[in-house]
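Scroll down for the structure; my scribbles are underneath it.
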Amino acid sequence: MHELGIAQSLLEIVEQEAQPYAGARVIRIQLRIGKLSTVVPDALRFAFDAVTRGGMAEGAALEIEEVPLTIRCRACEADFIVEDPFMICPHCGAADVEMVSGRELEISSMEICDGD
Amino acid sequence: MEIKLVKDILQANEVIAAQNKELFAQKGIYVINLMGGAGAGKTTLLERTIERLTGRRRMAVIEGDIATSRDAERIAAHGIPAVQINTGGECHLDGNMVRGGIGQLDLAGIDLLVVENVGNLVCPAEFNIGEDAKAMISSVAEGDDKPLKYPLMFQVSSVLLLNKIDLLPHVAFDVERFRADALKVNPRLEIIPISCTTGEGLDGWLRWLEERSGKRGT
């Protein structure tokens, strides 16, 4: 249950980004969460609703995109999207791979509406 | 209007973790982030480690728990500096909490700092604290399915201690299956079976630690 802390960090970033637009309200936030991340989307939504209450981001919709786990095999020089969290090339079986995506915990965009 | 940005939500923690790491490097301190489930044997492992490294490394420990200072008291009883951090509900330590703990230590007198994270197989894996390496401890009493159920912690760790192997005759735990799954999740993982009760395997763990942490002050 670390979603509360993550929701607070998210809110800090959102408020910082929206600061130049006085009186603005945040209505939508897009997140990218890697498949291997330990964040539970529903728990994050719940926590985000709680920490945004009474502030500029109250009621903002959280749109969460799950980023698949992708590994790159150095031998095959190719990327593979994998279902299991194994650092093994599904093509040649080599362990000389690196993770390309799957650990994201990112905000990718947000929509604000003017306070005027 | 839409604002495009790509920002890591954990960036604030990453910044503090990087500052911690720089401070540790300046002071020549090797730092381990010790993670594992509740009851895996983290504090007992530290007690056995302290006993064996006395005179060889100057150790200190930061203990992370949701509540109580029991673990820090156990460690301090062995005569080394121990700081307790109570997270007050948070399920992991982060860079900022560890920074608070560092402030209570005399860094000039330390070669090896072990930060014992909150007992939890999930959240600690997500937060860097400025460590040189993450070490994980898992016990045979927990079952052999953990690498597939909690892959991230296995993936981010450099070394995995499989504890309580003295209990193997009494539990249904397939060591080879556990090892194979852990290596699929992290092919670079070093796996060391140990028993903190009998002392079996601890030499391998101490060697791993001593190869990485420098001895100074002699």
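Chain letters run A, B, ... following the sequence lines, proteins first and then strands; every chain starts at 1. No experiment lies behind these values; they were computed from the predicted model shown.
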I need the minimum non-hydrogen distance between A:Leu36 and B:Leu152, along with the two atoms involved.
O-CD2, 3.8 Å
Closest non-hydrogen atoms of B:Ile3 and A:Glu17, given as atom of the first, atom of the second and distance, are CD1-O, 4.1 Å
In terms of heavy-atom contacts, A:His2 and B:Cys123 come closest through ND1-SG, 3.1 Å
How long is the straight-line distance from CD1 of A:Ile88 back to CG of B:Leu183, given to the nearest 0.5 Å?
8.0 Å
CD (B:Glu2) with more than 12 external heavy atoms under 6.0 Å
yes
Okay, B:Tyr150 and chain A: the region with an atom under 4.5 Å from a heavy atom over there is neither
Greater than 12 external heavy atoms within 6.0 Å of B:Arg207's CZ:
no
Checking heavy atoms, do the side chain of A:Ile27, its backbone, both or neither come under 4.5 Å from chain B?
neither
Considering only heavy atoms from C-beta outward, does the side chain of B:Gln11 approach that of A:Ile13 to under 4.5 Å?
yes
More than 12 heavy atoms from other groups under 6.0 Å of CD on A:Glu98
yes
Which atoms of B:Val156 approach chain A - backbone, side chain, both or neither, heavy atom under 4.5 Å
side chain
To the nearest 0.5 Å, atom CG of A:Leu4 lies from atom CD of B:Glu90 at 6.5 Å
Heavy-atom pair of closest approach, residues B:Val185 and A:Met87:
O-CG, 3.1 Å
Does atom CD of A:Glu63 have more than 12 heavy-atom neighbours from other groups under 6.0 Å away?
yes
Quick check on B:Arg70: does its CZ atom have over 12 non-hydrogen neighbours (other residues, nucleotides or ligands) under 6.0 Å away?
no
Per-residue tally against chain A (heavy atom, under 4.5 Å) across B:Met153, B:Lys7, B:Arg188, B:Gln155 peaks at B:Lys7
Against chain B, label A:Gln30 side chain, backbone, both or neither, depending on which of its atoms sit under 4.5 Å from a heavy atom there.
side chain
Rounded distance (nearest 0.5 Å) linking atom CZ of A:Arg32 with atom CD1 of B:Ile9:
11.5 Å
Does atom CD of A:Glu77 have more than 12 heavy-atom neighbours from other groups under 6.0 Å away?
no
